[in-house]
Amino acid sequence: MSHNLLKGKRGIVFGALNDMSIAWKVAELAVEEGAVITLSNTPMAIRMGDLNTLGDKLNAPVIPADATSVEDLETVFSQSVELLGGKIDFVLHSIGMSPNVRKKRTYDDLDYGMLQKTLDISAVSFHKMLQVAKKLDAIADYGSVVALSYVAAQRTFFGYNDMADAKSLLESIARSFGYIYGREKNVRINTISQSPTPTTAGSGVKGMENLLDFSNKMSPLGNASAEECAAYCITLFSDFTRKVTMQNLFHDGGFSSMGMSLRAMNQYSKGMEEFTDENGNIIYG
């Protein structure tokens with residue numbers, strides 16, 4: 001059910017590939033909530049994925065762009081302003097890729113050329129995006145920019161590799177640029193630290209299925225889905241969060257605040273008997 005939270009707003013969604021993508025869900029919900037949008041991804045991703053199908057469904061122009069290219073980003077923002085009829089109100093950065101992860105290089109045996117690509121694609125692209133938008137004055141007053149992050153920016157997770165470094169840089173860029181863009185143009189910039197989510201990109205992380213199971217057992221509310229992440233993004237694009245900026249916002253069912261849960265502890269236990277009362281009810285405290 002639509003609440004018209006984005007009625008009259010214009011947006012750009014970067015990074016949708018197929019219907020498993022969080023960016024795909026964000027695009028669908030943004031339009032449902034009243035926005036008009038453009039979509040962008042690399043030319044190769046557009047050829048290999050289903051972005052044109054989404055564009056047709058949402059009546060959203062698809063603008064091919066390499067997010068590491070300043071020139072391409074200038075094209076995306078200038079064309080989006082022209083096609084949508086005014087300045088942009090919200091932007092989603094849902095871009096991340098590690099050649100080291102794809103090539104199964106461990107963190108203590110990184111290829112540094114690949115590391116540079118990881119950082120450029122997954123984090124520096126965010127800075128380029130913001131810098132281009134600011135120089136073009138393409139984002140409206142109190143516009144909102146959101147990038148997707150992960151708790152590995154703060155804690156070590158097996159298999160996440162150099163993507164953890166990229167997410168740390170991503171969150172730092174949100175804070176540093178958030179101060180300048182907020183003070184000068186009232187544009188707010190935040191990152192969302194989402195639960196591990198079964199997307200095409202996430203499937204490359206070693207042990208992803210076990211990580212999904214563990215985080216779901218640790219989180220009081222369970223893992224947040226792609227659809228739920230999209231809903232959270234919409235609130236940050238809306239006028240209800242006009243004073244929220246420079247934050248890394250955890251959207252993970254409580255995982256980031258947990259040390260150990262009963263369900264996770266039970267993985268290492270032979271049974272649940274010691275966690276129940278005389279009537280067989282589970283004792284959570």
Side-chain angles (χ1 to χ4, degrees), residues 5-6 9-69 72-73 75-77 79-81 83-84 88-98 102 121-123 125-126 128-130 132-133 138-139 143-150 163 166-167 170 190-205 224-237 251:
L5 291 181
L6 302 183
K9 293 191 181 295
R10 307 172 181 91
I12 305 174
V13 175
F14 287 89
L17 179 66
N18 53 40
D19 60 6
M20 290 181 64
S21 307
I22 293 174
W24 184 290
K25 307 298 184 185
V26 171
E28 289 182 321
L29 190 54
V31 171
E32 183 181 327
E33 289 295 332
V36 290
I37 65 171
T38 59
L39 300 163
S40 185
N41 210 326
T42 64
M44 180 178 291
I46 293 172
R47 288 195 302 271
M48 296 180 64
D50 303 318
L51 192 59
N52 284 321
T53 301
L54 180 64
D56 292 340
K57 175 184 175 182
L58 302 180
N59 194 28
V62 175
I63 307 173
D66 176 354
T68 67
S69 165
D72 283 9
L73 290 171
T75 298
V76 173
F77 278 97
Q79 286 191 8
S80 295
V81 169
L83 290 167
L84 301 179
I88 304 305
D89 297 293
F90 63 89
V91 179
L92 177 73
H93 177 286
S94 180
I95 301 168
M97 193 276 285
S98 167
R102 289 189 174 185
I121 293 168
S122 308
S125 64
F126 190 43
K128 292 176 180 178
M129 195 177 291
L130 294 165
V132 165
I139 298 181
S144 174
V145 184
V146 172
L148 299 184
S149 189
Y150 183 53
M163 278 299 297
K167 293 302 187 185
L170 184 81
N190 296 288
T191 56
I192 292 177
S193 192
Q194 165 72 359
S195 297
T197 310
T199 62
T200 301
S203 63
V205 177
S225 68
E227 291 82 2
E228 289 167 329
C229 184
Y232 195 35
C233 288
I234 298 304
T235 67
L236 290 174
F237 295 154
H251 184 253

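Atoms considered below: every heavy atom in the structure, side chains included; atoms not considered: hydrogens, waters and symmetry mates.
- Leu58 contributes atom CG, which lies 10.5 Å from atom OG1 of Thr53 (distance to the nearest 0.5 angstrom).
- Crowding of Asp56 atom CG: a count of heavy atoms from other residues, nucleotides or ligands under 6.0 Å exceeding 12.
- At least one side-chain heavy atom of Thr38 sits less than 4.5 Å from a side-chain heavy atom of Leu84.
- Looking at Phe14 and Val91, their side chains come closer than 4.5 Å, going by heavy atoms from C-beta outward.
- For the atom pair SG of Cys233 and CD of Gln194, the computed distance is 8.0 Å after rounding to the nearest 0.5 Å.
- Under the 4.5 Å side-chain criterion, counting only non-hydrogen atoms from C-beta, Ile95 is in contact with Met129.
- At least one donor-acceptor pair under 3.5 Å links the side chain of Ser225 to the backbone N or O of Glu228.
- Shortest non-hydrogen contact noted between Leu17 and Ala45 is CD1-O, 3.5 Å.
- A 4.5 Å side-chain heavy-atom check between Ser122 and Met163 finds at least one atom pair inside the cut-off.
- For the atom pair CG of Asp72 and NZ of Lys128, the computed distance is 10.5 Å after rounding to the nearest 0.5 Å.
- The distance from atom CG of Leu83 to atom CD1 of Ile12, rounded to the nearest 0.5 Å, is 10.0 Å.
- The line from CG of Leu92 to OG of Ser40 is 11.5 Å long, rounded to the nearest 0.5 Å.
- For the residue pair Ser80 and Ile88, the shortest heavy atom distance occurs at CB-CD1, 3.9 Å.
- A distance of 9.0 Å separates CG of Leu148 from NE2 of His93, quoted to the nearest 0.5 Å.
- Here the side chains of Arg102 and Ser98 are not in contact, with every heavy-atom distance at 4.5 Å or above.
- Put simply, the side chain of Ser195 gets close to the backbone of Ala224: a donor and an acceptor are under 3.5 Å apart.
- In terms of heavy atoms, Val62 sits closest to Pro64 at O-CD, 3.6 Å.
- Contact detail for Cys229 and Ile192: the closest heavy-atom pair is SG-CG2, 4.3 Å.
- The two residues Ser125 and Leu73 make their nearest non-hydrogen contact at O-CD1, 4.3 Å.
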Verdict with supporting geometry, Val146 and Tyr232, side chain to side chain contact (heavy atoms under 4.5 Å, CB included): CA-CA 10 Å; Val146 172; Tyr232 195 35; over 6 Å; no
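- The shortest non-hydrogen separation linking Ser149 to Thr191 is CB-CB, 4.2 Å.
- A donor-acceptor distance shorter than 3.5 angstrom exists from the side chain of Ser144 to the backbone of Leu236, with no hydrogens or angles considered.
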Mind running side chain to side chain contact (heavy atoms under 4.5 Å, CB included) on Glu28 and Leu54 for me, showing each step along the way? CA-CA 8 Å; Glu28 289 182 321; Leu54 180 64; 3.9 Å; yes
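- For the pairing with Phe237, the side chain to side chain contact (heavy atoms under 4.5 Å, CB included) check across Leu5, Asp89, Val26 returns one residue only, Val26.
- With hydrogens and angles ignored, the 3.5 Å screen pairs no side-chain donor or acceptor of Asn41 with any backbone N or O of Ile46.
- Classification of Glu33 and Lys9 as a salt-bridged pair fails, no side-chain N sitting under 4.0 Å from a carboxylate O.
- In this structure, the side chains of Ile234 and Phe90 stay at 4.5 Å or more apart for every pair of heavy atoms.
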